[in-house]
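What you see below is based on every heavy atom in this structure, not just the backbone, and it leaves out hydrogens, waters and symmetry mates. Throughout, residue positions are numbered sequentially from 1 according to the sequence presented.
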Amino acid sequence: MESRQPDESRAGIPDGGGATGAETGPADPAAEAAEPQAAPRPALGIAGLSSLSRIIVALAIAVLVALVTVQLGAGFLHVAPANTLSKKHDETIDRIVFPEFEQNWRLFAPNPLQTNIHVEVRAQLEMPDGGTEETGWVDLTAMDHENIRGNPAPSHTVQNELRRGWDYWTDTHDEDNRAISDRADLAEDYLKRIVMRRLGPVLNEGRVEKIQLRQTSRRIAPPPWSDEQWDTAPAYRELPWWIVTGGDLMESDREVWEESAQ
């Protein structure tokens, strides 16, 4: 009778026996514990802040959103047609808007402005020898135009600060330069400070003691195809002389102005 050898493949005994079993067996827990673990990555942004810091950031954002909402709402009510809400809170709206954020519709009015208006100033100086000297008229509007010309993105200040300051003053005074508004004094102080920032505390080695402003208006000539005719000669409106004080100057200019008086 023929004898048969046992089939090792069927017996489930792989080649190499115990060696293979050692390679594929369960991992050693001690060896795994010895391997270095990667440090956790810190959280970025607000998630990385402490609870107190996140509360502070949330409060700051809420306050900023509230301020922006109030400012935009006041600006909208300022230019919107008169309504119950704007009439009820008129004084509050004016305090928020005036003088820096005042708006108007003159560009879009049925009859937009057709006059070039320039604001000019002259100054009375106290000279080092004790005498006084008066400067000629300086065209502040022309200076602003020069700063704008050729600039693709001029600042809002250069474009509108002087113009809006002058409009604010004329809106609070009549043709005889008399106050017609509770904000008349504020308008005068605001305009003086704008002008003194341009002039500086000293001119021609003399200390600026007084300033006088005037408006020069010239109507824009009608186009050639129009039958309209009007006078394009300049018209002037002079304001009284204003005394300059330290409060009309920036802090750095105030020091120079006070030193020049000694």
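Counting heavy atoms from C-beta outward, Thr232 and Arg218 have side chains that stay 4.5 Å or more apart. Within the 4.5 Å cutoff, the side chain of Glu209 has no heavy atoms near those of the Thr132 side chain.
Here the closest non-hydrogen pair linking Asp171 and Ile180 is O-CD1, 3.9 Å. Considering all non-hydrogen atoms of both residues, Leu203 and Leu125 come closest at O-CD1, 3.2 Å. Heavy-atom minimum distance, Arg163 versus Gln159: NE-O, 4.3 Å. Here the closest non-hydrogen pair linking Ser217 and Thr115 is CB-CG2, 3.8 Å. Nearest heavy-atom pair, Val244 versus Trp257, reported as atom, atom and distance to 0.1 Å: O-CZ2, 3.6 Å. Heavy atoms only, all atoms of each residue included: Asn204 and Glu133 are closest at ND2-OE2, 3.8 Å.
Side chains of Trp241 and Gln124: a donor-acceptor N/O pair is absent below 3.5 angstrom, by distance only.
Looking at Asp94 and Arg183, a side-chain N of the basic residue comes within less than 4.0 Å of a carboxylate O on the acidic one, giving a salt bridge. A salt bridge does not link Asp90 with Lys87: every distance from a Lys NZ or Arg NE/NH1/NH2 to an Asp or Glu carboxylate oxygen is 4.0 Å or more. A salt bridge does not link Arg219 to Glu228: none of the charged nitrogens lies less than 4.0 Å from a carboxylate oxygen.
If you chain together hydrophobic residues whose side chains sit under 4.5 Å apart, Ile148 and Val119 never meet in one group. Tracing side-chain contacts under 4.5 Å through hydrophobic residues (I, L, V, M, F, W, Y), one reaches Tyr168 starting from Trp242; they form part of the same cluster. Ile194 and Met250 fall into different hydrophobic clusters, defined by Ile, Leu, Val, Met, Phe, Trp and Tyr side-chain heavy atoms under 4.5 Å apart, directly or through other members. Each of Val158 and Tyr190 belongs to its own hydrophobic cluster when Ile, Leu, Val, Met, Phe, Trp and Tyr are linked at side-chain heavy-atom distances under 4.5 angstrom. No single ILVMFWY cluster, assembled from side-chain heavy atoms under 4.5 Å apart, contains both Val256 and Met127.
Separating the CG atom in Leu162 from the CD1 atom in Ile117 is a distance of 11.0 Å, to the nearest 0.5 Å. Put simply, CZ on Arg193 and CZ on Arg198 are 15.0 Å apart, with the number rounded to the nearest 0.5 Å. Considering CG of Leu186 and CG of Leu191, their distance stands at 11.0 Å, rounded to 0.5 Å. We find the CG-CG distance between Leu72 and Leu77 to be 11.0 Å, quoted to the nearest 0.5 Å. The CG atom of Asn177 sits 10.5 Å away from the OG1 atom of Thr170 when rounded to the nearest 0.5 Å. Atoms CD1 and CZ, on Ile93 and Phe76 in that order, are 10.5 Å from each other to the nearest 0.5 Å.
At distances below 3.5 Å, not a single donor-acceptor pair connects side-chain atoms of Asp176 with backbone N or O atoms of Arg178. A donor-acceptor pair under 3.5 Å links the side-chain atoms of Ser86 to the main chain of Asn83, judged by distance alone.
By the side chain to side chain contact (heavy atoms under 4.5 Å, CB included) test, Val121 pairs with Val138, Leu140, Val195, Leu199, Ile211, Leu213, sequence neighbours left out. Judged as a salt bridge (Lys or Arg N to Asp or Glu O under 4.0 Å), and not counting sequence neighbours, the contacts of Glu134 are Arg122.
Note on residues 236-256: pairs passing salt bridge (Lys or Arg N to Asp or Glu O under 4.0 Å), not counting sequence neighbours, are Lys192-Asp248.
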* To do: For the pair Trp169 and Leu239, evaluate side-chain contact (heavy atoms from CB on, under 4.5 Å) and give the outcome as yes or no after the intermediate values.
  => CA-CA 11 Å; Trp169 192 89; Leu239 275 57; 3.6 Å; yes
